[in-house]
Amino acid sequence: MIFEEDDDDTKEVAQIERINADDQEGETLAGMEHLSKRQYRKRLRYLRITETRRLHRKEKKKEAQQRKKERTKLESEAKELQGEAEDRTANQPQECAALPASTDTAAGNKEGHTHVSKLERQKRIWRKLEKAKEKGLQVVLDLGFGEKMTQKEASRLAGQVGRVHGANKLSDRPFHVHLTSLAPDNMLYRECVRRNDGFQHFIGVEQTSKHFLEVFDREDVVYLSPDSSNDLLELDNKKVYVIGGLVDETVQKNVTITQAREKSLQTAKLPIDLFMKREPGSKGNKILTVNQVFEILLKFYVTRDWRVALPVGLPERKSFVLKPDDTLPPDVLKQQGVFPPGYDKNSNWREDTSDDSKEYTRRDTAKHSPDISERLNSISISTTKNNDDIAS
């Protein structure tokens with residue numbers, strides 16, 4: 001009986017011959033002459049899979065090279081844009097304004113919505129942060145507490161630094177951010193690089209291993225600490241505000257305030273007690289992370305209203321709510337743009353224009369404490385000229 005080979009077997013044999021012909025070393029099918037028909041099929045299947053995987057790896061490598069070329073092109077365009085922005089800054093101070101978005105009419109956008117490309121958004125962020133480096137409020141993250149933290153705490157702080165950068169990029173009025181006491185050989189720097197892609201090239205962030213007092217004048221520095229007795233009521237563009245970069249799971253008190261006092265620095269705290277109160281029966285605390293403090297300052301820098309800014313950084317689980325306006329001192333209300341009865345918006349800060357204002361002040365003073373006005377005048381940090389009496 002004679003068996004005839006089917007078409008599939010013929011194709012397989014032909015493919016084996018082609019593979020054998022392409023094999024320069026002649027070792028692919030060496031020693032296979034004695035294999036049976038089934039063994040030949042298994043061997044051919046293995047060769048197919050191997051060849052498919054090789055081609056797949058080659059294609060992936062080609063795509064990676066293409067992405068690298070596009071990324072390099074984008075970085076070069078960004079550097080060119082930076083040079084153009086620096087050249088035009090002196091003549092066009094408003095250069096960081098949002099770029100006009102291109103209207104996507106060709107795509108059938110009939111509702112008037114605009115489409116902004118990724119490159120345009122990056123250009124807008126770049127220009128905005130470049131202007132902040134020249135004219136923005138300067139905020140420092142003091143990262144000199146590395147020896148007081150474990151690796152886990154340093155890793156958490158590195159994540160908070162990344163969120164600070166993200167919030168600053170999205171803000172309408174970003175800060176000029178400085179990272180001080182950050183040496184490339186310490187644990188915190190390694191964690192920042194590990195947790196944040198492109199950390200070394202963060203836009204709008206200046207990194208230095210120097211202490212912040214080596215960069216700024218002592219008289220211009222205001223150290224933010226929750227243990228300070230001074231309420232921060234206003235932000236002064238001539239000041240440099242320092243946030244202590246410390247993650248302490250054991251909640252050691254007076255760490256930042258002690259360092260500030262040793263350096264004879266001005267100190268301040270967020271006015272949480274002045275504008276907010278804890279809900280009855282709650283156990284929330286006022287301990288905030290670095291990025292939460294930063295986000296509150298960003299929001300106040302835009303709105304100039306602590307009643308809007310403070311809830312941004314205080315999570316709901318802390319159970320803090322805003323106090324009613326009628327329970328706040330008149331000076332604080334006026335500073336926030338809320339004028340109590342009898343106050344003239346165009347008058348001086350504490351000028352009373354009627355007997356009603358005097359009565360309002362007496363009732364408010366009696367409700368809180370007899371020396372509330374004196375306390376505010378002595379401990380508040382503002383943009384006025386009365387900054388010489390800040391306790392250090």
Side-chain angles (χ1 to χ4, degrees), residues 78 81-82 85-86 89 92-101 114 116-143 157-180 192 195-207 212 216 222 224 232-245 268-272 275 288-315 336-337 381-383:
L81 179 63
Q82 180 185 12
E86 292 176 353
T89 299
Q92 299 180 4
Q94 299 297 328
E95 185 64 26
C96 74
L99 294 177
T114 57
V116 180
S117 66
K118 181 178 180 180
L119 180 59
E120 288 177 341
R121 290 196 299 269
Q122 290 179 341
K123 289 180 179 179
R124 175 183 176 182
I125 292 174
W126 187 283
R127 294 182 177 181
K128 186 169 57 174
L129 294 177
E130 283 299 315
K131 183 179 179 180
K133 290 177 65 175
E134 298 177 2
K135 301 181 179 180
L137 184 71
Q138 301 193 82
V139 175
V140 176
L141 300 188
D142 179 16
L143 304 180
L157 178 57
Q160 295 174 18
V161 171
R163 287 189 284 273
V164 164
H165 176 59
N168 199 46
K169 290 196 303 182
L170 297 178
S171 176
D172 294 332
R173 297 184 67 191
F175 291 146
H176 183 189
V177 181
H178 300 263
L179 305 181
T180 62
C192 287
R195 292 288 303 271
N196 306 293
D197 294 336
F199 172 75
Q200 301 93 325
H201 308 290
F202 273 180
I203 304 174
V205 177
E206 296 191 20
Q207 305 177 19
F212 59 85
F216 304 102
V222 178
L224 301 181
L232 180 67
L233 294 182
E234 188 55 88
L235 295 177
D236 188 348
N237 284 334
K238 297 180 181 180
K239 297 291 184 179
V240 179
Y241 296 91
V242 181
I243 302 175
K269 65 178 179 180
L270 297 178
I272 299 176
F275 289 93
L288 301 177
T289 61
V290 172
N291 60 290
Q292 287 172 344
V293 176
F294 187 87
E295 291 170 6
I296 290 175
L297 294 178
L298 269 179
K299 194 66 174 179
F300 178 77
Y301 194 49
V302 175
T303 63
R304 297 292 176 177
D305 192 341
W306 287 113
R307 298 169 302 169
V308 177
L310 288 173
V312 171
L314 281 167
Q336 297 297 301
I381 297 178
S382 65
T383 55

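As the structure is a prediction and not an experimental result, all values here were calculated from the model.
Between Phe300 and Trp306, the angle of the ring planes stays under 30°, which puts this pair in the parallel group of the 30/60° scheme.
Between the NZ atom of Lys299 and the CG atom of Asp172 there is a distance of 8.0 Å, given to the nearest 0.5 Å. Atom CG of Leu297 and atom CG of Leu137 lie 8.0 Å apart (nearest 0.5 Å). Annotation: the span from Gln207 atom CD to His201 atom NE2 amounts to 9.5 Å, rounded to 0.5 Å. In this structure, Asp197 CG and Gln200 CD are separated by 10.0 Å, a value rounded to the nearest 0.5 Å. From Thr303, atom OG1 reaches atom CZ of Arg173 across 10.0 Å, with rounding to the nearest 0.5 Å. Expressed to the nearest 0.5 Å, how far CD1 of Ile296 lies from CD1 of Ile243 amounts to 9.5 Å.
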Would Phe199 and His165 count as a ring pair (Phe, Tyr, Trp, His ring centres under 6.0 Å) if you check the C-alpha gap in whole Å, the side-chain angles of each, and the deciding distance to 0.1 Å?
-> CA-CA 10 Å; Phe199 172 75; His165 176 59; 8.9 Å; no
Please lay out, stage by stage, how Glu134 and His176 fare under the test side chain to side chain donor-acceptor pair (under 3.5 Å).
-> CA-CA 8 Å; Glu134 298 177 2; His176 183 189; over 6 Å; no
Dump the intermediate steps for side chain to side chain contact (heavy atoms under 4.5 Å, CB included) on Val139 and Val164, then the final yes or no.
-> CA-CA 11 Å; Val139 175; Val164 164; over 6 Å; no
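No side-chain heavy atom of Leu141 sits under 4.5 Å from any side-chain heavy atom of Thr180. You'll find the side chain of Val242 stays beyond 4.5 Å of the side chain of His178, heavy atoms only. The shortest distance between side-chain heavy atoms of Ile272 and Leu314 falls below 4.5 Å. Taking the side chain as every heavy atom from C-beta outward, Leu170 and Ile125 never approach each other to under 4.5 Å. Side-chain atoms of Val140 and Phe216, non-hydrogen and from C-beta on, do get closer than 4.5 Å to each other. For the pair Val222/Val240, no side-chain contact is recorded, criterion being any heavy-atom separation below 4.5 Å from C-beta on. You'll find the side chain of Tyr241 reaches within 4.5 Å of the side chain of Lys239, heavy atoms only. Using a 4.5 Å cut-off on side-chain heavy atoms (C-beta onward), Phe212 and Leu179 make no contact.
Taking every heavy atom of both residues into account, Gln292 and Pro315 meet most closely at NE2-CG, 3.5 Å. Nearest approach of Gln160 to Val290, heavy atoms of both residues: OE1-N, 3.1 Å. The minimum heavy-atom distance linking Asn291 with Thr289 is given by the pair OD1-OG1, 2.9 Å. Smallest separation of non-hydrogen atoms from Ser171 and Lys128: O-NZ, 2.9 Å. Contact record, Leu232 with Ala268: CB-CB, 4.1 Å, taken as the closest heavy-atom pair. Residues Gly245 and Leu143 share a closest heavy-atom pair of CA-CD2, 4.1 Å.
Cation-pi geometry between Arg307 and Phe275 is not met: the NZ or CZ atom fails to fall both under 6.0 Å from the ring centre and inside 45° of the normal.
Side chain of Arg195 to main chain of Gly162: no donor-acceptor pair is present (N/O by atom type, distance under 3.5 Å, no hydrogens or angles). A distance-only check finds no donor-acceptor pair linking the side chain of Asn168 to the backbone of Pro174 [under 3.5 Å].
Under the 4.0 Å criterion applied to side-chain N and carboxylate O atoms, Glu295 and Arg163 are not assigned as salt-bridge partners.
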